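Being a predicted model, the structure only gives us computed values, none of them experimental.
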Amino acid sequence: MLLIPGITSPAITWGFIAEHLAEKFDVHVLDVRGRGLSQAGDLDYSLDAMADDALGVIDAAGLDKPVILGHSMGARNAIRAARKDGAAMSGLILVDPPVSGPGRREYPAKWSWYEDSIIAATKGCSAKDMRAFCPTWTDNQVALRAEWLHSCQLDAIKTAFDGFHTDDIHADLLHLKLPMRLLKAGDAPVIGEDDIAELKALAPHLDVKTVPNAGHMIPWDNLEGFLDAVMDFDARA
């Protein structure tokens, strides 16, 4: 499994989840460019560049048709990577991807939340300070975010956030024949029932599971429900 985190989630923040997924999968968690320990600086932070990185990791690491699990932005990266080279992977698990895009409703999260929290982390903030941005998280989760959020380069995050509204992943879905599962957060407004109907029309073979009692950061709120929705995925079925 190649796991691609969301817009401001360095790979280390998915470590506690990857440990559980490793009971079934050989898990590789990607630090997306401009985040964590991956290269930052004056780079291309577009959706296409991030998708190419995922394909490059599959090739460089010698991964044999991995399942790609992408959360939020990572799910959009996975969709674009599959459009570019679906033969490189065996299936997709798409965890609450933003379904915004050209001519569509805005992504429900606001840019100020990302900007303010990254600036605070860059200046240096405590777990107590970070809790103002993540009030429902555990102490360990908030502390880890406070420690690592500074590694998210602000312009990389802004490019990705803007891309939620300008990149058309729906056009990509039309071309995907891979086994795919969509995980919808039961308590988040990112994906609605109308959105699911449209996604199913574009990709009729899309399997949909709703994880109850979970906001957009599904495994942070309901790890057991997340694992139940992921661990039985079999791309060969």
Side-chain angles (χ1 to χ4, degrees), residues 1-22 27-43 45 50 53-54 57 69-77 95-98 106-164 183 185-190 211 213-227 230:
M1 172 179 285
L2 178 63
L3 196 161
I4 309 178
I7 187 169
T8 54
S9 294
I12 194 171
T13 63
W14 277 78
F16 76 99
I17 304 157
E19 289 177 359
H20 290 279
L21 294 172
V27 183
H28 303 256
V29 188
L30 179 62
D31 257 334
V32 179
R33 58 172 59 199
R35 298 151 176 89
L37 299 179
S38 281
Q39 185 177 351
D42 185 15
L43 299 175
Y45 293 107
M50 294 187 289
D53 284 344
V57 167
L69 185 152
H71 171 248
S72 193
M73 180 200 75
R76 292 171 65 95
N77 295 1
V95 183
D96 220 38
E106 291 186 354
Y107 181 56
K110 301 303 180 185
W111 167 244
S112 59
W113 184 87
Y114 297 99
E115 183 177 37
D116 293 348
S117 60
I118 292 170
I119 290 173
T122 302
K123 291 178 178 178
C125 70
S126 66
K128 182 179 179 181
D129 298 328
M130 188 56 65
R131 182 162 294 287
F133 298 97
C134 309
T136 65
W137 291 16
T138 68
D139 290 344
N140 287 339
Q141 291 165 358
V142 172
L144 194 61
R145 186 168 180 84
E147 180 181 356
W148 281 89
L149 187 59
H150 74 91
S151 71
C152 295
Q153 184 170 308
L154 189 61
D155 65 331
I157 308 309
K158 185 63 163 65
T159 299
F161 182 84
D162 290 345
F164 288 171
L183 269 59
D187 294 341
V190 176
V211 181
N213 305 315
H216 181 58
M217 302 295 289
I218 295 177
W220 276 251
D221 295 330
N222 185 354
L223 178 59
E224 183 177 351
F226 172 81
L227 294 172
V230 169

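When all heavy atoms are compared, the tightest approach of P98 to R76 is O-NH1, 2.8 Å. The minimum heavy-atom distance linking A214 with V211 is given by the pair CB-O, 3.8 Å. When every heavy atom of L183 is checked against every heavy atom of I218, the shortest pair comes out as O-CD1, 4.2 Å. Residue R35 comes nearest to A160 through the heavy atom pair NH2-CB, 3.8 Å, listed as atom of the first residue, atom of the second, then distance. The two residues S151 and G36 make their nearest non-hydrogen contact at OG-N, 3.0 Å. Here the shortest heavy-atom pairing between P97 and A75 reads CB-CB, 3.5 Å.
The closest donor-acceptor contact from the side chain of N77 to the backbone of G74 lies at 3.5 Å or more, if one exists at all. Between the side chain of S38 and the backbone N or O of G34, no donor-acceptor pair lies under 3.5 Å. Listed for the H71 side chain is a donor-acceptor partner under 3.5 Å among the backbone atoms of H216. Between the side chain of W113 and the backbone N or O of F133, at least one donor-acceptor pair lies under 3.5 Å.
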- Query: How far apart are the C-alpha atoms of D221 and T136, what are their side-chain angles, what is the distance that settles it, and do they pass the side-chain contact (heavy atoms from CB on, under 4.5 Å) test?
  - Reply: CA-CA 8 Å; D221 295 330; T136 65; 3.9 Å; yes
- Message: Determine whether W111 and I157 satisfy the following criterion, side-chain contact (heavy atoms from CB on, under 4.5 Å), listing intermediate values before the conclusion.
- Response: CA-CA 9 Å; W111 167 244; I157 308 309; 3.8 Å; yes
- side-chain contact (heavy atoms from CB on, under 4.5 Å) between M130 and W137, worked out: CA-CA 10 Å; M130 188 56 65; W137 291 16; over 6 Å; no
- Verify side-chain contact (heavy atoms from CB on, under 4.5 Å) between V57 and H28, making sure each step is shown before the conclusion. CA-CA 10 Å; V57 167; H28 303 256; 5.8 Å; no
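Atom NE2 of residue H150 and atom SG of residue C125 lie 10.0 Å apart, to the nearest 0.5 angstrom. Interatomic distance, R33 CZ to D53 CG, rounded to the nearest 0.5 Å: 4.0 Å. A distance of 10.0 Å separates CD of Q153 from OG1 of T122, quoted to the nearest 0.5 Å.
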With a cut-off of 3.5 Å and sequence neighbours excluded, list every side-chain donor-acceptor pair involving residues 5-22.
residue: T8; atom: OG1; partner: R145; partner atom: NH2; Å: 2.9
residue: T13; atom: OG1; partner: P10; partner atom: O; Å: 2.6

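M50 has its side chain within reach of M73: a pair of non-hydrogen atoms, C-beta onward, lies under 4.5 Å apart.
Under the side-chain hydrogen bond (donor to acceptor under 3.5 Å, both in side chains) criterion, D139 pairs with R131, not counting sequence neighbours.
Classified by interplanar angle (parallel below 30°, tilted 30° to 60°, perpendicular above 60°), the ring pair F161/F164 is tilted.
Within a 6.0 Å radius of CD in E115, other residues, nucleotides and ligands contribute more than 12 heavy atoms.
Looking at T159 and D162, their side chains never bring a donor and an acceptor atom within 3.5 Å of each other.
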